[in-house]
Amino acid sequence: MSSEWQTLTLGELGRIVTGKTPKTTEANNFGGEIPFVTPTDMDCRKVICSTARYLTELGASTVKNSIIPAGSVMVSCIGSDMGKSVIAGRDCVTNQQINSIIVDGRFDSGFVYYNLSMRKAELQHLASGGSTMPILNKGHFSEVEISLPPVAEQRQISAFLGAIDDRIALLRETNATLESIAQGLFKSWFVDFDPVRAKQQGREPENMDEATATLFPDSFEESELGLVPRGWQPQRLETLMELSYGKALKANDRIAGEVPVYGSGGITGYHNESLVNGPSIIVGRKGTVGSLYWEDQSFFPIDTVFYVRSSIPMTYCFYLLQTLGLTDMNTDAAVPGLNRNNVYRLMVPSVPEPVLSAFDDITGIIRGAIFRNNQQAQTLTTLRDTLLPRLISGKLRLPEAEAMVKQA
């Protein structure tokens, strides 16, 4: 570490504010435009601008001196969420579970954020109150030490790390847009039947070439599902796909590897062997009922999930399952569960293979782009997490870090 670095306490960086919740019994306190931040709102975003609840001017005025200006660093300091950090993107108010640093102009709030974002375990260790409800109170929080280079270097480091975060965020936003496009295409073709309606009315289907348009009929017929495209009579879902059971794999039986292990809540860890070769779909069976995950590569589904087998395009299966309301099909009040026989009995239109193939041609390209973006985002995330502690501690100089990013 350079001799130009100095070690200060968080209290020396600016004013420390512990939040406060306005009276929830007063209806006029909530429903305004001032973000009210709780630890639940601190959901991996670097900068937080939107929250689940908002205060009115009146509500904010009832918690005097608790307005947190944009650019402040907020840290959750109680319970299991302790140590989560975020930057205020706009003026806001926090609840009492959050301590905020209103960083003065001698320091860079981005640098302070990045420093604290990697110290969650340390902050939890400093907490008092035992295992029932650990608390890092304002006094102890104020005494937490932080090492800082000159402010110009602080800004350079936080700008460098922020640029990586911005690239990761852009990739994720792009993927969200791509998912919306694929979902919109499924809805247009297989829920609203837009190409069929267009042909019935003597119009050319929008955003569709002539060869694809010829695959759709030009009229509807009655069915137990209501009007469906001519020839697309309903069939049971079990004729399209199989929901196969995952296999038990306890955490202490897993061997370190790169194969993702899926439970109903998503990836729960990694293993050295796979059970299924992707791409496939994971469906929550116990716990988070009806959750859906797409996996491009090999994976290991545990016994709280199903995985999908099918001879028709997996892309069609994925977007079809999203429309069937599986999350509302819990059959066990004590332990939430999804009975696959109930799913199998669901009726859906029978879509001709050429239409399925045309849909897969388009959405396959979309899913490929999503996969590549996910890989790039993961590479950048790993690189950021590797560089962060070394930059923040002064063990790595910025020019060396910039060279490593260029090589990634």
Side-chain angles (χ1 to χ4, degrees), residues 170-243 278-281 283 290-294 296 308-329 342-374:
L170 179 59
L171 289 166
R172 290 173 176 162
E173 290 168 5
T174 300
N175 277 358
T177 299
L178 291 171
E179 281 286 4
S180 295
I181 291 172
Q183 291 169 1
L185 183 66
F186 182 92
K187 183 175 184 293
S188 175
W189 285 20
F190 306 117
V191 178
D192 297 333
F193 308 124
D194 289 334
V196 181
R197 296 187 188 281
K199 294 179 70 173
Q200 186 182 46
Q201 297 168 9
R203 297 182 290 106
E204 291 294 327
E206 295 181 3
N207 304 315
M208 181 178 291
D209 59 53
E210 184 177 351
T212 305
T214 60
L215 302 176
F216 290 85
D218 59 5
S219 61
F220 292 89
E221 59 182 309
E222 288 287 350
S223 77
E224 62 185 280
L225 294 175
L227 286 177
V228 297
R230 179 169 43 83
W232 293 22
Q233 279 297 309
Q235 61 183 343
R236 286 166 62 103
L237 189 75
E238 67 178 337
T239 65
L240 300 179
M241 67 185 77
E242 176 187 352
L243 300 181
S280 185
I281 304 154
V283 183
S291 55
L292 293 170
Y293 307 96
W294 176 280
D296 288 278
V308 175
R309 288 178 171 174
S310 181
S311 60
I312 66 173
M314 201 62 68
T315 51
Y316 176 79
C317 295
F318 183 56
Y319 294 106
L320 174 64
L321 288 170
Q322 291 183 15
T323 69
L324 299 181
L326 301 185
T327 56
D328 298 323
M329 294 182 66
N342 291 339
V343 180
Y344 284 160
R345 283 192 286 268
L346 295 174
M347 302 297 291
V348 297
S350 57
V351 182
E353 188 280 330
V355 178
L356 295 178
S357 181
F359 178 77
D360 186 54
D361 287 343
I362 299 172
T363 52
I365 293 172
I366 294 174
R367 292 235 58 93
I370 292 173
F371 173 64
R372 290 189 295 275
N373 288 344
N374 280 334

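Partners of F371 under the ring pair (Phe, Tyr, Trp, His ring centres under 6.0 Å) rule, at least two apart in sequence or in another chain, do not exist in this structure. Looking at residues two or more places apart in sequence or on another chain, you find no side-chain contact (heavy atoms from CB on, under 4.5 Å) involving A176. Applying the salt bridge (Lys or Arg N to Asp or Glu O under 4.0 Å) criterion to D218, with sequence neighbours excluded, gives R230. Evaluation of the salt bridge (Lys or Arg N to Asp or Glu O under 4.0 Å) rule for E238 yields R236 as partners, not counting sequence neighbours. Shown here are the side-chain contact (heavy atoms from CB on, under 4.5 Å) partners of S350, two or more places apart in sequence or in another chain: Q235.
Taking the six-membered ring where tryptophan is involved, the planes of F359 and Y316 are perpendicular, since the angle between them exceeds 60° and thus also 30°.
Residues F190 and V355 are in side-chain contact: their nearest non-hydrogen atoms beyond the backbone lie under 4.5 Å apart. In this structure the side chain of T363 never reaches within 4.5 angstrom of the side chain of F186, judged on heavy atoms. No side-chain heavy atom of I370 sits less than 4.5 Å from a side-chain heavy atom of D296. Taking 4.5 Å as the limit, some side-chain heavy atom of W232 sits within range of a side-chain heavy atom of P217. In this structure, the side chains of P352 and L215 stay at 4.5 Å or more apart for every pair of heavy atoms. You'll find the side chain of I366 stays beyond 4.5 Å of the side chain of L185, heavy atoms only. Inter-residue side-chain proximity for M208 and W189 is flagged as met; some heavy-atom pair is nearer than 4.5 Å.
Each of L346, L237, I281 was evaluated against L320; a single residue qualifies, L237, per the side-chain contact (heavy atoms from CB on, under 4.5 Å) test.
Here the side chain of S310 pairs a donor or acceptor atom with the backbone of L240 at under 3.5 angstrom. A donor-acceptor pair under 3.5 Å links the side-chain atoms of E221 to the main chain of G231, judged by distance alone.
Here Y319 contributes atom OH and E179 contributes atom CD; the two are 4.0 Å apart, rounded to the nearest 0.5 Å. Considering CG of L227 and OG of S219, their distance stands at 10.0 Å, rounded to 0.5 Å. Rounded to the nearest 0.5 angstrom, Y293 OH and S280 OG are separated by 14.5 Å. Here the CG atom belonging to D361 is positioned 9.0 Å from the OG1 atom belonging to T315, to the nearest 0.5 angstrom. Distance CG/L170 to CG/N175: 10.0 Å, rounded to 0.5 Å. N207 CG to T212 OG1: the interatomic distance, rounded to the nearest 0.5 Å, is 11.5 Å.
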* Passes side-chain contact (heavy atoms from CB on, under 4.5 Å), V308 versus L321? Steps please. -> CA-CA 10 Å; V308 175; L321 288 170; 4.0 Å; yes

* **Pair V348-T323, side-chain contact (heavy atoms from CB on, under 4.5 Å): steps then yes or no** => CA-CA 10 Å; V348 297; T323 69; over 6 Å; no

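Here the closest heavy-atom approach between residue L356 and residue P313 is recorded as O-CG, 3.9 Å. Here the shortest heavy-atom pairing between L324 and M329 reads O-SD, 4.4 Å.
Atom CD of E206 sits in a sparse spot, with 12 or fewer heavy atoms from other residues, nucleotides or ligands closer than 6.0 Å.
Applying the salt bridge (charged side-chain N to carboxylate O under 4.0 Å, His left out) definition to pairs two or more places apart or across chains, those involving residues 187-200 are K187-D192.
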